[in-house]
There are 2 protein chains.
Amino acid sequence: MTYNHPKFLVAVDCVIFGYEDSELKVLLRHRDFDPGKGGWSLPGGFVNEKESVEDAALRVLFETTGLKDIFLEQIYTFSEPNRDPGERVISVSFFALIKIQDHDTELVGKNGAHWIPISELPELIFDHKVMVDQALLALQTKAANEVIGRELLPDFFTFNQLVDLYYAIYKRPFDPSNFRKRVKSLNVIERLNFKDKANSRKGAFYYRFKEPEQIEPYSRMVFRLHNQR
Amino acid sequence: MTYNHPKFLVAVDCVIFGYEDSELKVLLRHRDFDPGKGGWSLPGGFVNEKESVEDAALRVLFETTGLKDIFLEQIYTFSEPNRDPGERVISVSFFALIKIQDHDTELVGKNGAHWIPISELPELIFDHKVMVDQALLALQTKAANEVIGRELLPDFFTFNQLVDLYYAIYKRPFDPSNFRKRVKSLNVIERLNFKDKANSRKGAFYYRFKEPEQIEPYSRMVFRLHNQR
DNA sequence: GCAAAAGTGTTGATGATACACCCATGT
DNA sequence: ACATGGGTGTATCATCAACACTTTTGC
């Protein structure tokens, strides 16, 4: 049997976060087609027959970065009838985390995509700014509930890199000493027996994330996002 | 200009929570039509032209409960190609909170809808069980971040009713004394000068929620959902 | 006066914050 | 030996959980 109701174009838009040079960045596309020609947009695409929105998002991610097996999370569905001035499109937004150093820079360039620091966001078309804001909030929430970084940092990293990542995500300072204590207590990373000597004479040990199966559940960071009053 | 891509049926499904007889309940429909005939489903409906998914959900809510101005929050979009055996349908789930005592019971009956305690959920069609589980989690999260009850309890209520609501939502006990202290400290409810004398000789004061504009921001309950380890 | 529920107070444990201090090393 | 960032320890304060206690009232 079939239903008799209106049908809609369905698209996905991806807020792809990366971390580089102590900055949180988003992958944006410069639009060379209408609608929104000349403006900036999130990488996105239409959903195909026999494809879930998650699969469509993974396809878009592969097309723009050349990477598979990417962290991906659905965020919200935007459906205002006039949100796309061209034609009605219902769009599902996602956020993704990738290690910038791993991606295919050639592909990225070919697609007119660019890594833009979150602090220097240009005007975005349609409701894409809202998507970025929601994605950033989701990233902050994720970072509060677990030690983030597995999908953003290099495989080996120092505590300084980790705390700098948190600083970039939250735009607020963290006491390095207390941060270190907290992260260590959660038992999700392990120290390696070599150091980064580039930034100090003493050298800072490298760490890496443990394999997921070695990690106990409920290892939350739980610092207050809003620590006023 | 227009796009040339496949189009899809888009629907909404609503997890409507109510609170009655110290139990958290969900409004379910008994299906007298295919697919899923004879089973239980969430109230839902297809999205119309020129209607956002939020508007569609509000319409479904009005049709099943007779109520407007309902608390409503989008949760997730389900898009597996085969999730509906009839034809491909992409469905956006919502959760809603209503005061059971306010609703139009006649309408509800006419639609084959029933209030089912969350602890006695029957088998649900398609992926509707997942929708309920996600909605319950969203409700628990909301209850942890603010004092919930404005949309579920009668206008006047006692502290016991409030703590019982929390018990129903979390299925775990709360120390009445500490709960009371916590809620009072958040300054979101105010005591009225009359009592419920039905359950004790002393009588328990009635309270009501303050108007939203009288409430300071960041009044979170913040008790741990998972208080193991 | 006493039972029973409403409501308050106290205490010890836990966790967060601020910050002083020690460590290792290249020059 | 000292400057520099890496890393540890500690004192203070806020918050939470447990539970003893007091209050109010009808019978």
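Note that the structure is predicted; figures quoted are calculated from it, not measured. Reminder, nothing fancy here: chain letters follow the sequence lines and each chain counts from 1.
OP1 or OP2 of D:dG6 lies within a sub-4.0 Å distance of a side-chain N or O belonging to A:Asn160.
Atom pair B:Lys184:NZ and C:dA6:C1' shows a separation of 11 Å (rounding to whole Å applied). For the pair A:Leu186 CG and C:dG15 C1', the interatomic distance rounds to 13 Å; values are reported in whole Å. Between the CG atom of B:Leu162 and the P atom of C:dG7 there is a distance of 12 Å, rounded to whole Å. Protein atom CZ of A:Arg180 is 18 Å distant from nucleotide atom P of C:dA18, rounded to whole Å. Between the CZ atom of A:Phe179 and the P atom of C:dA18 there is a distance of 15 Å, rounded to whole Å. In this structure, the OH atom of B:Tyr206 is 15 Å from the C1' atom of C:dA5, given to the nearest Å. Taking atom CZ of residue A:Arg182 and atom P of nucleotide D:dT8, one finds them 17 Å apart after rounding to whole Å. Summarising the geometry, the separation between CZ on B:Phe174 and C1' on D:dC19 is reported as 18 Å, rounded to the nearest angstrom.
Shown here are the side chain to side chain contact (heavy atoms under 4.5 Å, CB included) partners of A:Asp102, two or more places apart in sequence or in another chain: A:Leu67, A:Lys99.
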Which atom pairs, donor and acceptor, lie under 3.5 Å between side-chain atoms of residues 53-63 of chain A and protein residues at least two apart or in another chain?
{"from": "A:Glu54", "atom 1": "OE2", "to": "A:Gln74", "atom 2": "NE2", "distance (Å)": "2.9"}
{"from": "A:Glu54", "atom 1": "OE2", "to": "B:Tyr76", "atom 2": "OH", "distance (Å)": "3.2"}
{"from": "A:Asp55", "atom 1": "OD2", "to": "A:Ser52", "atom 2": "OG", "distance (Å)": "3.3"}
{"from": "A:Arg59", "atom 1": "NE", "to": "A:Glu51", "atom 2": "OE2", "distance (Å)": "2.7"}
{"from": "A:Arg59", "atom 1": "NH2", "to": "A:Phe46", "atom 2": "O", "distance (Å)": "2.8"}
{"from": "A:Arg59", "atom 1": "NH2", "to": "A:Glu51", "atom 2": "OE1", "distance (Å)": "3.1"}

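Of the listed residues (B:Tyr206, B:Tyr207, B:Phe174), just one forms a ring-ring contact (aromatic ring centres under 6.0 Å, His included) with B:Phe159, and that residue is B:Tyr207.
Taking the centre of each ring, B:His114 and B:Trp40 come in below the 6.0 Å mark.
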Worksheet item: Just by protein heavy atoms under 4.0 Å, how would nucleotides 19-27 of chain C read 5' to 3' in B, S and -?
Response: B---BBBBS
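Between A:Ile118 and A:Lys171, the closest side-chain pair of non-hydrogen atoms falls below 4.5 Å.
Across all strands, B:Phe205 comes closer than 4.0 Å only to sugar-phosphate atoms, never to a base (heavy-atom distances).
Between B:Phe157 and B:Phe209, the two ring planes are tilted [angle within 30° to 60°].
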